[in-house]
Visitor: 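Just passing along the structure, written as structure tokens.
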Number of protein chains: 4
Amino acid sequence: MSRPTKEARKVSIMTQALHLFSREGFYATTMPLIARGIGMSVGNLYNYFPSKESLAKELILYIAELLGDEIRAINESPLSTRDKIDAIVAMYFRIAQEQPQTIEYFLRVYLSNREVFRNGCEGMLCVSPFVTELMIFFEEGVRAQELRNQDFFSAFGLFMGYLGGMVFLQGENILPHGLDEYRASISENIYHALKTH
Amino acid sequence: MSRPTKEARKVSIMTQALHLFSREGFYATTMPLIARGIGMSVGNLYNYFPSKESLAKELILYIAELLGDEIRAINESPLSTRDKIDAIVAMYFRIAQEQPQTIEYFLRVYLSNREVFRNGCEGMLCVSPFVTELMIFFEEGVRAQELRNQDFFSAFGLFMGYLGGMVFLQGENILPHGLDEYRASISENIYHALKTH
Amino acid sequence: MSRPTKEARKVSIMTQALHLFSREGFYATTMPLIARGIGMSVGNLYNYFPSKESLAKELILYIAELLGDEIRAINESPLSTRDKIDAIVAMYFRIAQEQPQTIEYFLRVYLSNREVFRNGCEGMLCVSPFVTELMIFFEEGVRAQELRNQDFFSAFGLFMGYLGGMVFLQGENILPHGLDEYRASISENIYHALKTH
Amino acid sequence: MSRPTKEARKVSIMTQALHLFSREGFYATTMPLIARGIGMSVGNLYNYFPSKESLAKELILYIAELLGDEIRAINESPLSTRDKIDAIVAMYFRIAQEQPQTIEYFLRVYLSNREVFRNGCEGMLCVSPFVTELMIFFEEGVRAQELRNQDFFSAFGLFMGYLGGMVFLQGENILPHGLDEYRASISENIYHALKTH
DNA sequence: GATGAATGAGCTTTCATTCAT
DNA sequence: AATGAATGAAAGCTCATTCAT
């Protein structure tokens, strides 16, 4: 049986770290815990990532690119702005369901432990692939006169805060229904919030 | 000079802990640090709170009550639902500015370190005073036919996610303008999102 | 039985550290080793010294003062320069015999691990009490016309290198006789090296 | 292009190790660091030297032979004892300047980390080529009635301690002048110390 | 001979918590 | 109630050495 490649090992570390970080938090997740989870020695972990922080930073970059790619695909589709909102909400919830660690990591590790990302991820540096695409979405909606022209961050906060909030509530088992059943009303709310009168 | 009462001592511990937790995070704040900040010994801290976690839990309860009281006052006022939205947004931003620890604690300690609150604050247990008042606000708006009748959590996620997101962005120095300049557009967005057509 | 005072504890840590550092070297001496040697927990060590390095620095300061005091006493005595040389050699060897750790620490920890002392002990900062007294000795000898007037460091290197070298050789069990039997010849050699012709 | 011989590989390892050990110290120099510096794998290093310690021991042997050869050449020259002292001092300082690693290794690795050389280099075992030549120098000086007849180690300690001390002071940037400017006075001091009256 | 991923013991340091006073 | 010295488990990280390839 051939040994897994170096790249495969790196992926398995990142997968395990994503899992633990998102569930237990950055500080409660220890390097020995990550190592044990994939049957690797602690020392060897450091052959792949020079520090716990660097591991966390690679993860957020990976996630931002993943989300950025998803939104880009939607931006490039021929949908109306109204339907793009639908598509973004659906995409976000689909990821939250299929690979919940991804969104949880974003919410509970990246947004919460800013000191960890201070060096190397200043401002939106590590999430720019994703923010950029949302900005494009918004500006195209404005140009198409489907959305009101307002400060981007007012729209951005609405989008991300709202979606993040819903996923958070679901993660806490607070929602009486599944995420999917909220999709329509959330899209509608966002659309009404942003659309031209 | 009379010795401070037990209750006063407890308040001063909580004030100091709130300050440190919100600024440094739960894990980077040590018990000796809290004690030193108020000229008390570590040992004595444990006469008031049986553990670091219990201190964190009492804090979120306190904050939930504070925010709950603020919203109750708005609920009990004779304003229209539209103006109540304005008032809630203004109140939230005012607190974020006047006592930023409060909102920061909510966003960066309570929402972020779920593992800390796992036992004892399941679901919305520790924030119910505040959630309850928002629920009342929403139901009255529906009854007055100013707001569409939808699942409460869809509205709740919008409200809290949006406001929390904006305060977060400001905390990261990402917003091009001050929070106050977003007040009007945010209220408007929320109102359009939730109002009857 | 009353507990030892904080100062006494600190002395016992320093004593034990001096012992181990001088015998095993700075790096081969671990904090757990120091702690175990005096029946104290590792954690508590850090209530007395903020780091292993700071412990090493306090030790060299202590030693430099001890040696400085000894030489000062000789400087202040009414002896001739010739006899002062005798006295300094005798004193150095006496300390090397009675508390060998002291001299060994100077030779094998302070002089050898300069990187440890880089911050806070630059140049001769941490050994100045001792160097200063030797400088006084030398200058008084020159003024009394018993010693040739030459660059101080040429004399200093002779003195310290020679004495240190002999103690080193003894520590390695290389000397065929005890240190004391070299005292006369060493004093004589030093005197002849430095005296006016 | 022919592959380097086994011997050539060994020399390149030793050169690199000497360089790093003398500059960074024994403990701060890691085996991977040595390997990387010469484009060799860690594993292969162990085909040439069974351990880090053995590498350090081979180095001191090499240096002792190098210094021994230098002194032998001086011993075999027709100079007077007085001039041989001059020549030895000059040689030592020349090496300290041309290949400082050599002397630094002797002072800061061999003399300083005795625990490393405890097994295998007891006493003068690993530096005997060099000590032997100095012994010959001294005995010939005595026989020629230029030097007083005293215990060899008293003279040895003077020579090595003094020269080592001066190089050390220079390494610490403590000397107000360059080493060369001390050459004459040092030779003179040594000669006066040892010569017949 | 050569590679370098892998090991695992051990390092310095931290900190919630306890308890004798 | 109050103190703060003491504990000890555990953290992040390092590195000499091994061994399958």
Side-chain angles (χ1 to χ4, degrees), chain A residues 1-6 8-10 26-36 39-55, chain B residues 3-6 9 26-36 39-55, chain C residues 1-6 8-10 26-36 39-55, chain D residues 3-6 9 26-36 39-55:
Chain A
M1 207 171 76
S2 72
R3 203 190 304 175
T5 66
K6 200 159 188 205
R9 286 294 230 171
K10 195 166 178 179
F26 180 77
Y27 291 103
T29 298
T30 71
M31 294 299 267
L33 220 54
I34 296 173
R36 201 172 312 136
M40 179 184 269
S41 68
V42 213
N44 203 16
L45 228 53
Y46 283 84
N47 286 330
Y48 294 85
F49 297 92
S51 70
K52 193 181 174 186
E53 270 194 26
S54 73
L55 176 47
Chain B
R3 178 151 9 132
T5 67
K6 182 150 199 204
R9 287 291 231 170
F26 179 77
Y27 290 101
T29 299
T30 71
M31 295 297 267
L33 215 58
I34 297 172
R36 198 172 316 134
M40 179 186 269
S41 70
V42 222
N44 202 15
L45 226 55
Y46 282 82
N47 287 328
Y48 293 86
F49 298 91
S51 72
K52 193 181 175 186
E53 270 193 27
S54 72
L55 176 48
Chain C
M1 205 170 78
S2 72
R3 202 192 302 179
T5 67
K6 199 156 189 208
R9 285 296 228 171
K10 195 166 178 179
F26 180 77
Y27 291 104
T29 298
T30 71
M31 294 298 265
L33 221 54
I34 296 172
R36 200 172 313 136
M40 180 184 268
S41 69
V42 214
N44 202 18
L45 229 52
Y46 283 83
N47 287 329
Y48 293 85
F49 297 92
S51 71
K52 193 182 174 184
E53 270 194 26
S54 73
L55 176 47
Chain D
R3 183 159 357 141
T5 66
K6 183 149 195 204
R9 288 290 231 171
F26 179 77
Y27 290 103
T29 299
T30 71
M31 294 298 267
L33 215 58
I34 296 172
R36 199 172 317 134
M40 177 186 271
S41 71
V42 221
N44 203 15
L45 226 54
Y46 281 82
N47 287 327
Y48 293 85
F49 297 91
S51 72
K52 193 182 174 185
E53 270 193 25
S54 72
L55 176 47

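Lettering follows sequence order; numbering is per chain, from 1. Below, each value reflects all heavy atoms present in this structure, side chains not excepted, and no hydrogens, waters or symmetry copies.
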Visitor: Between A/Pro32 and B/Asn44, which has a closest nucleotide on DNA chain F that is more 5'?
Guide: B/Asn44

Visitor: Using heavy-atom distances to pick each residue's nearest nucleotide on DNA chain F, tell me which of D/Tyr27 and B/Asn47 is more 5'.
Guide: B/Asn47

Visitor: Checking all strands, does B/Tyr48 fall into the base, sugar-phosphate, or nothing category for heavy-atom contacts under 4.0 angstrom?
Guide: sugar-phosphate

Visitor: Base, sugar-phosphate alone, or nothing: which one does D/Phe49 contact when heavy atoms must sit under 4.0 Å apart?
Guide: nothing

Visitor: Could you please name the option among E/dT18, F/dA16, E/dT13 that lies closest to any side-chain atom of D/Tyr46?
Guide: F/dA16

Visitor: Please identify each residue that fulfils side chain to side chain contact (heavy atoms under 4.5 Å, CB included) with C/Asn47, with sequence neighbours left out.
Guide: C/Asn44

Visitor: Using the ring pair (Phe, Tyr, Trp, His ring centres under 6.0 Å) criterion, which residues pair with A/Tyr48? Sequence neighbours excluded.
Guide: none

Visitor: Among the candidates E/dT3, F/dT7, E/dT13, find the nucleotide nearest to the side-chain atoms of C/Met40.
Guide: F/dT7

Visitor: With sequence neighbours left out, what residues match B/Lys6 under salt bridge (charged side-chain N to carboxylate O under 4.0 Å, His left out)?
Guide: none

Visitor: Starting at atom CE of A/Met31, determine the distance to atom P of E/dG10, rounded to an integer number of angstrom.
Guide: 21 Å

Visitor: List in chain and number order the residues that pass ring pair (Phe, Tyr, Trp, His ring centres under 6.0 Å) with C/Tyr27, two or more places apart in sequence or in another chain; answer none if no residue qualifies.
Guide: D/Tyr27

Visitor: Please name all residues satisfying side chain to side chain contact (heavy atoms under 4.5 Å, CB included) with A/Ser54, sequence neighbours left out, ordered by chain then number.
Guide: A/Phe49, A/Pro50, A/Ser51

Visitor: Using a 4.0 Å heavy-atom cut-off, does B/Ser54 contact any base of the nucleic acid, only the sugar-phosphate backbone, or nothing at all?
Guide: nothing

Visitor: So what does the secondary structure string of DNA chain E come out as, 5' to 3', with Watson-Crick or wobble pairs under 3.5 angstrom, [ ] for crossing and | for pairs with another strand?
Guide: .||||||||||||||||||||

Visitor: Need one value for A/Thr30: base, sugar-phosphate or nothing, where a base atom within 4.0 Å counts as base even if backbone is also close, heavy atoms only.
Guide: sugar-phosphate

Visitor: By nearest atom, which of the nucleotides E/dT17, E/dG1, E/dT7 is closest to the D/Lys6 side chain?
Guide: E/dG1

Visitor: For the pair made of CG in C/Leu45 and C1' in E/dC11, what is the distance, rounded to whole Å?
Guide: 14 Å

